[in-house]
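Below: one structure, written as structure tokens.
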There are 2 protein chains.
Amino acid sequence: MKLSERKKRILHAVVANHIQTAEPVGSRTVARADGIGLSSATIRNEMADLEEMGYLAQPHTSAGRIPSQKGYRYYVDYLMGDGRLTVEDELSISRFLSDEKMREIEQIIANAVKVLSSVTNQTSLIMGPQFQKSTFQQMRILPLDEKRGLVVLITHSGFIKNKVIELDQNLSPAELHQVVSYLNQKLYGLTIDQVTTSLINELKRDLFRRLEILEQAFVLLEESLREERQARVFLGGTTNILTQPEFRSVKKIHQMLSLFERESLLFEILEQNLTEDDVVVRIGTENEHEDIQECTLITAAYKINRRILGSVGIIGPTRMDYQWIIAVLRRLVEQLNRTLSTD
Amino acid sequence: MKLSERKKRILHAVVANHIQTAEPVGSRTVARADGIGLSSATIRNEMADLEEMGYLAQPHTSAGRIPSQKGYRYYVDYLMGDGRLTVEDELSISRFLSDEKMREIEQIIANAVKVLSSVTNQTSLIMGPQFQKSTFQQMRILPLDEKRGLVVLITHSGFIKNKVIELDQNLSPAELHQVVSYLNQKLYGLTIDQVTTSLINELKRDLFRRLEILEQAFVLLEESLREERQARVFLGGTTNILTQPEFRSVKKIHQMLSLFERESLLFEILEQNLTEDDVVVRIGTENEHEDIQECTLITAAYKINRRILGSVGIIGPTRMDYQWIIAVLRRLVEQLNRTLSTD
DNA sequence: CCTTAGCACTCCTAAGCGCCGAGTGCTAAC
DNA sequence: GTTAGCACTCGGCGCTTAGGAGTGCTAAGG
């Protein structure tokens with residue numbers, strides 16, 4: 001069921017107009033639009049067709065049309081084309097990484113989410129890089145005082161995790177050093193995922209033969225790894241949804257904001273949409289999770305040295321400026337990849 | 001201008017009732033309250049007096065009374081007495097620190113803010129411990145690879161900061177070790193505040209005589225200290241204000257939520273209220289900052305080993321259950337002090 | 001003299017009603 | 001196939017009205 005050229009033009013006009021105004025679009029408005037050149041009556045007939053085909057919907061009998069979910073989908077897939085950024089947008093995005101090379105990965109991520117939300121005026125979210133997918137580089141234990149030490153764990157993609165542990169008092173610095181070197185040697189190059197309990201147990205057994213004292217350090221290593229199993233999700237511009245006319249009611253606002261507070265859920269949502277694809281657009285019920293089926297989620301994966309690390313996206317009402325937002329997101333991811341990559 | 005016993009009882013009844021219902025309180029309602037035993041007509045006369053004296057206000061002629069800011073103040077200062085916690089509240093609070101001794105200070109703080117907001121159903125905020133007020137314990141530099149190293153800075157109150165720096169390639173491990181030991185020796189016991197640029201310059205000059213290579217490391221030390229000048233503010237339960245009838249309008253919600261996004265402002269507000277006092281209650285215009293003059297802010301300082309580190313508080317509409325919330329806050333701070341203290 | 005019952009009055013709120021205008025679908029003419 | 005014309009629909013807005021909660025005042029009672 002292909003759409004005629006004319007229907008495409010009309011659908012395009014309706015969607016574009018509705019994105020701008022957030023109001024239902026009437027036949028007269030479409031007739032006045034550029035490149036149409038038809039009377040409102042003709043448009044009305046075409047719009048009635050488009051409604052029957054499921055691309056448009058009518059809030060009530062005597063109102064104009066708004067795009068249905070299917071309408072938005074068609075617009076995104078076939079009609080909108082590539083967006084262009086303004087010079088200011090370009091600037092805001094490129095400025096965010098000025099002098100970023102020095103920074104740690106989490107700061108870069110946190111910064112990116114801010115830029116994205118302030119440029120797009122939407123709520124943006126980034127799944128922090130997945131710690132457990134990155135590879136072990138080295139581990140150190142710094143003695144803090146007689147009883148405590150600081151474990152520092154560093155991965156190749158730039159993660160630095162630290163944790164205070166209690167040290168066995170019978171452990172001499174030399175012995176501690178020995179254990180740490182042993183561990184570094186054994187774990188180097190493994191992804192954090194691969195550092196499983198069974199591997200740890202094996203190492204532990206191995207070491208026990210020589211020194212029977214590091215029990216607690218191991219328990220803590222294990223714990224600290226488990227804790228990090230789930231990546232953090234960074235949010236930006238959560239209050240931006242308040243400016244969207246779609247969220248006029250306190251109830252809806254509450255619903256969305258509560259959603260934003262559930263980090264593990266956001267993580268799930270982002271992870272489901274993590275693919276190699278350029279940019280993923282999920283409109284309304286295309287989203288698996290119920291609570292966002294009135295929203296559109298646009299995501300893209302970002303990479304370090306061509307390995308996918310996490311995804312970044314924006315969430316907002318199904319009525320949004322897809323063309324422009326996709327362009328912004330694409331540009332940001334490009335920049336982000338370049339900033340994060342070390343080679 | 002002292003209030004008669006009877007007026008106090010009536011004021012108490014009005015405030016207590018309004019806190020519960022969020023509605024203006026009529027004379028009949030007060031007459032029915034426990035321990036009053038007067039007719040509504042008498043109450044009406046007394047309430048008219050209380051209004052004239054400024055303790056009560058009337059939204060409009062034919063409505064009941066609501067407490068004015070002055071009324072709340074009187075209630076807090078003289079009427080409410082000490083609150084009691086339910087067993088569940090006690091449990092929630094004491095559970096939050098289970099097994100916390102191990103954790104880093106920032107995690108404990110982040111946890112406390114969560115508990116506070118979920119127990120009180122208000123928005124809670126904690127000013128993270130002030131890094132620059134704590135004393136230098138030690139600094140280490142871990143080589144990461146040929147070009148980069150990780151600076152780890154540890155303070156006595158349990159802060160751990162790290163930062164990746166680029167290392168001068170001409171620097172041998174032995175030399176690096178020497179520099180670090182020197183710095184540790186010189187800086188030990190100083191508060192971070194005292195590590196000023198001039199001190200750093202002095203040290204730098206001192207070292208230059210021996211090795212002229214660590215320029216960049218110093219720049220970075222300075223930078224990383226400056227960055228941390230301002231403590232972080234942790235927020236919890238920001239969406240709780242949505243459940244308050246005072247924030248029915250999207251406009252007000254927006255106002256509050258935008259406020260919550262301005263971390264430096266929150267910091268200022270919390271810092272202004274940082275005193276030795278038990279608990280500080282700021283009602284409405286008692287707050288210096290305009291944007292929260294329709295709110296009440298209740299704060300208390302928390303300490304490590306009797307030294308004030310920061311403050312924790314809750315913010316909400318002026319109509320709130322002062323008695324109970326103050327009790328909860330007091331209890332939480334007690335717990336927090338105990339968890340953080342090392343002796 | 002303080003307290004209380006009674007009553008007129010105020011003013012907010014919600015519901016009902018009619019008007020207006022935007023927009024539609026249909027029909028008939030071009 | 002396109003378009004002008006027209007009757008029709010329906011939501012939104014402003015107006016009016018009824019109801020009710022609560023007040024302040026007055027006058028009677030302990």
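FYI, side chains are in, hydrogens and waters are out, and symmetry mates aren't considered; it's all heavy atoms of this structure. In this text, all values refer to a predicted model and were calculated from it rather than measured experimentally.
Between A/Arg330 and A/Asp82 there is a salt bridge, since at least one side-chain N of the basic residue sits less than 4.0 Å from a carboxylate O of the acidic one. Salt-bridge annotation for B/Lys252 and B/Glu294: present, with a side-chain N of the basic residue lying under 4.0 Å from a carboxylate O of the acidic one.
Contact annotation: A/Ser39 side-chain N/O to D/dT3 OP1/OP2 distance is under 4.0 Å. An OP1 or OP2 oxygen of C/dT3 is reached within less than 4.0 angstrom by no side-chain nitrogen or oxygen of B/Arg44. Within the 4.0 Å cut-off from OP1 or OP2 of C/dA22, not a single side-chain nitrogen or oxygen of A/Arg65 is found. At the phosphate of C/dT4, OP1 or OP2 sits under 4.0 Å from a side-chain N or O atom of B/Thr42.
Contacts of residues 22-33 of chain A with DNA chain C (heavy atom under 4.0 Å): A/Gly26, A/Ser27.
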>> One pair to check against salt bridge (charged side-chain N to carboxylate O under 4.0 Å, His left out): B/Arg73 and B/Glu286. What are the steps and the verdict?
In response: CA-CA 10 Å; B/Arg73 172 49 62 196; B/Glu286 292 169 11; 2.6 Å; yes
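Atom CD1 in B/Ile10 sits roughly 12 Å away from atom P in D/dT23 (whole-Å rounding). Here C/dC2 presents its P atom at 16 Å from CD1 of B/Ile43, a figure rounded to the nearest Å. When rounded to the nearest whole Å, the span between NE2 of A/His60 and P of C/dA22 equals 13 Å. For A/Glu52 and C/dG25, the CD to C1' distance is 13 Å, given to the nearest whole Å. When rounded to the nearest whole Å, the span between CD1 of A/Ile36 and C1' of D/dT3 equals 16 Å.
Remark: the B/Gln122 side chain and the B/Ser117 side chain contain no N/O donor-acceptor pair separated by less than 3.5 Å.
Applying the ring-ring contact (aromatic ring centres under 6.0 Å, His included) test to A/His12 and every residue at least two apart in sequence or in another chain returns A/Tyr75.
Summarising the geometry of A/Met256 relative to A/Ile241, their closest heavy-atom pair is CB-CD1, 3.5 Å, with the distance given to 0.1 Å.
The side chain of B/Asn45 has C/dT4 as its nearest neighbour among D/dC10, D/dT23, C/dT4.
Using modelled atom types, one side-chain atom of A/Ser68 and one backbone atom of A/Gly54 make a donor-acceptor pair closer than 3.5 Å.
A residue-by-residue look at A/Ala63 and B/Arg6 shows that B/Arg6 has its nearest nucleotide of DNA chain C further toward the 5' end. In this structure, B/Pro59 and B/Glu46 both approach DNA chain C, and ranking their closest nucleotides by distance from the 5' end singles out B/Glu46.
Note on A/Thr61: only backbone sugar-phosphate atoms sit closer than 4.0 angstrom, heavy atoms only; bases stay farther off.
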